Amino acid sequence: MKTTQEPNANLVGQQMEKTYSPTATEKKWYEFWESRGYFKPIADNGKAPFVVIMPPPNVNGALHMGHALTMSVEDAFVRWHRMLGEPVLWLPGSDHAGINGELVVEKEVARTEHKTKRELGREEFLKRVWQWMDDYREVINNQLRVLGVSADWSRQAFTMDLGPQQAVRTTFKKLYDEGLIYQAERIINWCPGSQSNLSDLEVEMKEEDGFLWYIRYPVVGEEGRYITVATTRPETMLGDTAVAVHPKDARYADLHGKLLTLPLVGRQIPVVADEGVEEFGTGAVKVTPAHDPLDFEIGQRHQLPLINVLNLDASINENGGIYQGLDRFEARKRIVADLDAAGFLVKTEPYHHNVPYSERAHVPIEPMVSKQWWVKIQPLSEPALQAYLDGRIKFVPERFGKTYQDWMENIHDWTISRQLWWGHRIPVWYCVNGHQWATDQETETTCQICSTNEIWQDPDVLDTWFSSGLWPFSTLGWPDQTEDLRRFYPGSLMETSYDIIFFWVARMIMFGIHVMGDVPFHTVYLHGLIRDEKGQKMSKSKGNGIDPLEAMAQYGADALRFTLLTSSGPGVDTKFSLQKTEDSRNFANKIWNATRFIVMSLNPNIRLEGFESLQARLSELPLADRWIISRLNKLTADVTRLLENYDLSQSGKLLYDYIWGDFCDWYIEASKMRLNSPDPQTKAAVQAVLTGVLERTLRLLHPFMPSLTEEVWHYLPHEGEALIVAVWPSAGPIDTEAVTQFEALKEAISEIRNAKAEVKAETNRKVKAIIVAKPEFKPIFEREADILVRLAGVDANTLQITDQLDTPPTQALTKVTENTATTIYLPMAGLVDLDAERARLGKEIEEVRREIERSKANLAKPGFVERAPAQVVATAREKLAAAQERLAKLEAHLATLV
RNA sequence: GGGUAGUUAGCUCAGUUGGUAGAGCACCACGCUUACACCGUGGCUGUCAGGGGUUCGAGUCCCUUACUACCCACCA
């Protein structure tokens, strides 16, 4: 990619706009990061590399919210680890999407060229698919860049690249030679839409209202005697080769081995006794071994013939007699009508049942007998299960481990051949002399067994998930023993959506262990689905999807990312709304303006004290400074711990609360007095804290909002050339005394603001105030009077701070703070309605009394004092004492209002 | 038929190892205080789905019921 003009590495001293504009900024920094090579892993430095292989988006359209979530989560972890100084590899790619891709291009060809793929021919059709893939891959990659994805594009991979193709053939050959890939004729899920075999996972059950038709089959040689069977698919009777009953079912005991005449067809079929039949309903089932899984098994047990009555497009074939050529649903109608006319239809019942559908082509599946390729799964699944059981693979959230385990324990062989054109061609060859072999070569010229050159390749392709399963190592160059493979396998984190645990995660683990001898990653983080405001799945057909590109254009990529990351935790579905994105945009703007405020007062020529130095002499700093730095250290520890536990949501929220609440609402406001000081040293001292604290906070926030933080960081004094490679902060000391004292100050300020609001005094009106603090807090209020004056809006000249007041004012609003029992009088002649004040005090006294009652009752409860931990009892006692003190003060004050 | 989640303020969701419920939005009031109206200050709102149990103490642990969502499953 060509880089445009490099941004100013140092923006210190530059003017900032009043409002943050994300789009241009995001683009600028993305190009900067990429051009500097920050997305590439640094050289080995003794630290274990952090490796994430990106789930390759399907190349069949544009980016959607699910992608945006995936990328936001992965980018956050990736950026965090990069700041931890680890060699980080985030390997991007894209997926050819097998059946899905083929269908999309088929549709496109039909739309633009009015041709079916068969009319076009295999070679021509594949040309079209490649063109489509090339076009859309670029589109998607650019969209990922807009999001801020810090992946190493130089290692980008595509499942149909030559490397992954080699990996597919090599793996196939290995499994084939080991006898783990084999061919077998079985009943399979046939999709008439794509005209291909599907695995069980690609079939979804849909509840539907249908009918149950009861049909009677006459017993040969016993005039007037019938067996009645019920079916939801009457057209399959054309392929019936028996009727089965339970061996112990008395109703049919004498009919075992007798023959029935198949209505409409006239064929004679036997009655067989089989344990697989339940004794409910009519107790007899028609047996169509070629078109039903259960019937297939019954057929095997009784050596029944298979009669396939369907063509590949699910129309009736030549075995269907007069119904030949009809579509399956048309045939169904005709057969029911004919049965009815001939007197074989006993009754028709409405019936609610599950119908198997093709997940991709959205048409009902037809079970059919067919010869396909299979993977013998047990030898792969057992070690994969074991890896989970002994903790080599962990799931976040943990419960998905159980899901994985259940599936692995009940797994069936996996059918991997697809009758499609787009995908990895099955590397099996045949010769005229009936030989068959698998190869890891792209092409073959002679039979490996008899050397004839009359050979051909299997026409089918592989299930798209076969190549996906190799992704963690095929992307690193395997089967070649590359340097990347050595450094980055096994990987660290696999992050994806929980709905592809079986499709993808399980297969990667199986292949990883079997082919590479080691698990492909140690942690599987599964995110939830993005839904609309009403909790519905976003989908193109419903039209309720929110386009991430539009959301980003409106509010910025950082805002979208922050929203997605904080809206919900792993494994939990998220209701997405643009309102939330707007809130995140506001947060971004808040940070922008906080920086702007700080930067405006800065003199670039004055070097401020560094943060490390400030922290080293923490106890000498003013109260507010000690407080905000202590809070930052708490935040740093919390955010780090939460990230270690994969909790992005909670860490994002803590950052939000700290920045907006602690830093902006309290610290910046409290700093304004010192910032306006005529003394340059006082000013520089507070500037050092403002810039130092903000700079560290930006580092913590960078994984969540990379572009904004990078931009703003460059306006502040900083070391290093970019925030993206700045060092992740470690937590320093916490001054608990300062925290307690500053909280007392905050509490008093809030009470004063509250009192003023109650009498609807203008917020900015300076009021007279008398503070009666307990002796240990009195010096704090005196020392920090400036802050009190500024933040509470009290009149500095008349402010009185004491620990003893003999004659309290009568014409005053009065508050007693909850935690420190500081009494505050706001003498406001004229504004105080004595009756209202008495009423208000009365109400408050009631509340405190109730609290005291509860507290006392709790302490008096048998067993509490004896059994509860001493710490808890002590806290309860302190609370009670505080409430009692507060009550006394409130009552004393009420008494003066008579 | 099995299984897994969820049910907390009007809405969206937090609630770490059980200690007596919180944040944003919305709403109401006041405010253009020299970063931000994409703002500030203050306020309002809860039988933490129902029932039972364990415990000195349960939104948090156990049992149970209801509803919602999803996953798995070859009942004609």
Side-chain angles (χ1 to χ4, degrees), chain A residues 16 18-20 187 200 205 212 229-233 244 276-278 280-288 292-297 351 353-354 356 367 397 399-400 402-403 406-407 410 498-499 501-502 529 531 533 535 555 559 566-569 571-577 579-580 582-583 585-601 638 641-642 645 647 649-650 653 656-657 660-661 664-665 668-669 672 676 750 753-758 760-765 790-793 854-855 858-859 861-869 871-873 875-876:
Chain A
M16 292 174 80
K18 193 170 171 181
T19 307
Y20 176 57
I187 197 117
D200 292 345
M205 291 303 206
L212 196 54
V229 297
T231 182
T232 54
R233 295 186 297 152
V277 182
E278 309 277 336
F280 72 86
T282 69
V285 291
K286 58 192 275 308
V287 180
T288 322
D292 184 276
L294 178 65
D295 294 4
F296 181 78
E297 285 175 29
Y351 194 62
H353 63 144
N354 279 327
R399 67 187 143 89
F400 285 113
K402 184 75 168 48
T403 309
D406 287 348
W407 190 73
N410 298 300
Y498 66 71
D499 57 356
I501 295 178
F502 308 142
L529 270 33
R531 300 168 177 280
E533 284 106 320
Y555 298 115
T566 53
S567 287
S568 77
V572 183
D573 292 356
T574 305
K575 285 181 198 155
F576 185 89
S577 80
Q579 174 62 52
K580 292 184 197 169
E582 188 178 324
D583 297 343
R585 187 273 316 262
N586 293 350
F587 179 46
N589 192 238
K590 186 75 183 176
I591 295 164
W592 174 262
N593 271 290
T595 311
R596 177 167 174 256
F597 170 74
I598 293 168
V599 163
M600 277 184 348
S601 77
D638 287 345
R641 175 179 50 81
L642 288 164
N645 291 321
D647 193 341
S649 161
Q650 194 58 25
K653 278 173 190 154
Y656 181 98
D657 289 344
W660 204 310
C664 292
D665 291 345
I668 288 188
E669 291 307 322
K672 285 180 178 172
N676 285 340
S750 292
R753 288 166 169 174
N754 176 333
K756 285 165 70 177
E758 270 174 18
K760 302 201 191 308
E762 298 79 8
T763 309
N764 59 349
R765 172 166 168 180
R790 167 125 195 153
L791 299 198
R854 251 179 298 149
S855 229
N858 196 24
L859 277 162
K861 241 179 217 165
F864 177 71
V865 176
E866 295 78 42
R867 299 202 190 190
Q871 180 64 49
V872 173
V873 177
T875 310

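In what follows, every chain begins at residue 1, and chains take the letters A, B, ... in the order their sequences are listed. Note that the structure is predicted; figures quoted are calculated from it, not measured.
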- Query: Are any of A:R753's side-chain N or O atoms less than 4.0 Å away from OP1 or OP2 of B:rG42?
  - Reply: yes
- Message: Measuring only the C1' atom in each nucleotide, how far is B:rC71 from B:rA23? A whole number of Å is fine.
- Response: 32 Å
- Taken in chain and number order and not counting sequence neighbours, the residues that satisfy side chain to side chain contact (heavy atoms under 4.5 Å, CB included) with A:E533 are A:S577
- Rounding to the closest angstrom, what is the interatomic distance between B:rG18 and B:rC75 at atom C1'? 46 Å
- Just checking A:Y351: base, sugar-phosphate only, or nothing, at a heavy-atom cut-off of under 4.0 Å? sugar-phosphate
- Respond yes when some side-chain nitrogen or oxygen of A:K672 is under 4.0 Å from OP1 or OP2 of B:rA35, and no when none is. yes
- Query: Taking the side chain of A:R790 as its heavy atoms from C-beta onward, which of B:rU34, B:rG40, B:rA69 lies nearest to it?
  - Reply: B:rU34
- Task: Measure distances between side-chain N and O atoms of A:E669 and base N and O atoms of B:rA35, and say whether any donor-acceptor pair falls under 3.5 Å.
- Result: yes
- Task: Assign a letter to each nucleotide of nucleotides 9-18 of chain B from its 5' end: B, base within under 4.0 Å of a protein heavy atom; S, sugar-phosphate only; -, no contact.
- Result: ---SSS----
- Write down the distance between CE (A:M600) and P (B:rC36), rounded to a whole number of angstrom. 7 Å
- Pairwise C1' distance for B:rG52 and B:rU17, with rounding to whole Å: 26 Å
- Message: Ring-plane angle category for A:F587 and A:Y656, please: parallel below 30°, perpendicular beyond 60°, tilted otherwise.
- Response: tilted
- To the nearest Å, how far apart are A:I187 CD1 and B:rC74 P? 13 Å
- Results of salt bridge (charged side-chain N to carboxylate O under 4.0 Å, His left out) for A:R531 - residues two or more places apart only: A:D573
- Message: Measuring from the side chain of A:R399 (C-beta onward, heavy atoms only), which nucleotide among B:rA35, B:rA5, B:rC74 has the closest atom?
- Response: B:rA5
- Could you tell me whether A:T19 contacts a base, only the sugar-phosphate backbone, or nothing, with contacts defined as non-hydrogen atoms closer than 4.0 Å? base
- Determine the contact category for A:S750: base if any of its heavy atoms lies under 4.0 Å from a base atom, sugar-phosphate if only primed atoms, P, OP1 or OP2 are that close, otherwise nothing. sugar-phosphate
- Task: Answer yes or no: is there a donor N or O on one side and an acceptor on the other, between the side chain of A:N593 and the main chain of A:K18, under 3.5 Å?
- Result: yes
- Using whole Å, report how far CZ of A:R233 lies from P of B:rC74. 14 Å
- Query: How many Å lie between CG on A:L212 and P on B:rC75, as a whole number?
  - Reply: 14 Å
- Item | Partners passing salt bridge (charged side-chain N to carboxylate O under 4.0 Å, His left out) against A:R854 (at least two apart in sequence or in another chain) | none
- Message: Taking the basic N atoms (NZ, or NE/NH1/NH2) and the acidic carboxylate oxygens, is any pair closer than 4.0 Å for A:K653 and A:D657?
- Response: no
- Query: side-chain hydrogen bond (donor to acceptor under 3.5 Å, both in side chains) with A:D200: which residues, sequence neighbours excluded?
  - Reply: A:N189
- Message: Using atom P in both nucleotides, what's the gap between B:rU33 and B:rU41 to the nearest angstrom?
- Response: 14 Å
- Check whether the side chains of A:Q579 and A:D583 place a donor and an acceptor atom closer than 3.5 Å, and report yes or no. yes
- Mind checking side-chain hydrogen bond (donor to acceptor under 3.5 Å, both in side chains) for A:S601 and listing every partner two or more places apart, or none if nothing turns up? A:Q687
- Query: Separation of A:I668 atom CD1 from B:rC39 atom P, in whole Å?
  - Reply: 15 Å
- Is any side-chain N or O of A:N858 under 3.5 Å from a base N or O of B:rU20, one able to act as donor and the other as acceptor? yes
- For atom CG of A:N593 and atom P of B:rA37, their distance in whole Å: 7 Å
- Message: Of the listed nucleotides (B:rC38, B:rA35, B:rC25), which one gets closest to any side-chain atom of A:Q579?
- Response: B:rC25
- Query: Does A:K18 make a side-chain donor-acceptor contact with the base of B:rC36, cut-off 3.5 Å?
  - Reply: no
- Query: At under 4.0 Å, does any side-chain N or O of A:W660 touch on OP1 or OP2 of B:rG40?
  - Reply: yes
- For A:K286, which residues count as a salt bridge (charged side-chain N to carboxylate O under 4.0 Å, His left out) partner, sequence neighbours excluded? A:D240
- Query: Say you pick atom C1' in B:rC48 and the same atom in B:rG22; how far apart are they, in whole Å?
  - Reply: 12 Å
- Pairing of RNA chain B as dot-bracket, 5' to 3': ( ) intra-strand, [ ] crossing, | other strand, . unpaired, with Watson-Crick or G-U pairs under 3.5 Å? (((((((..((((.....[..)))).(((((.......))))).....(((((..]....))))))))))))....
- Query: Which is true for A:V865 with a 4.0 Å heavy-atom rule: it touches a base, it touches only sugar-phosphate, or it touches nothing?
  - Reply: nothing
- Query: Taking the side chain of A:F597 as heavy atoms from C-beta outward, which of B:rA35, B:rG42, B:rG19 is closest to it?
  - Reply: B:rA35
- Item | Residue whose closest nucleotide on RNA chain B lies nearer the 5' end, A:G571 versus A:V872 | A:G571
- Donor-acceptor contact present, side-chain A:D295 to main-chain A:T288, <3.5 Å: yes
- Does A:D638 come within less than 4.0 Å of A:R641, counting only side-chain N to carboxylate O? yes
- Taken in chain and number order and not counting sequence neighbours, the residues that satisfy salt bridge (charged side-chain N to carboxylate O under 4.0 Å, His left out) with A:R233 are A:D292, A:E366
- Task: Could you list the residues that satisfy side-chain hydrogen bond (donor to acceptor under 3.5 Å, both in side chains) with A:R790, not counting sequence neighbours?
- Result: none
- Task: Send over the distance from A:D657 CG to B:rG24 C1', rounded to a whole Å.
- Result: 9 Å
- Want to settle it: does A:T232 or A:P869 sit nearer the 5' end of RNA chain B, counting the closest nucleotide to each? A:P869
- Can you list the residues that meet the side-chain hydrogen bond (donor to acceptor under 3.5 Å, both in side chains) rule with A:T574, with sequence neighbours excluded? A:S568
- Query: Taking atom P of B:rU33 as reference, at what distance in whole Å does atom CG of A:D665 sit?
  - Reply: 16 Å
Atom pairs, N/O to N/O, protein against nucleotides 71-73 of chain B, distance under 3.5 Å?
| unit_1 | atom_1 | unit_2 | atom_2 | d |
| --- | --- | --- | --- | --- |
| B:rA73 | N6 | A:N354 | ND2 | 3.3 |

- A:D583 has its side chain closest, among B:rC36, B:rG24, B:rG19, to B:rG24
- Task: Please measure how far the C1' atom in B:rA49 lies from the corresponding atom in B:rG43, and state the result in whole Å.
- Result: 29 Å
- Task: Could you give the distance separating B:rC28 and B:rC44 at their P atoms, to the nearest angstrom?
- Result: 16 Å
- Task: Considering only atom C1', compute the distance from B:rC74 to B:rC67 and round it to an integer number of Å.
- Result: 30 Å
- Distance test, side-chain N/O of A:N754 to OP1/OP2 of B:rG43, below 4.0 Å: yes
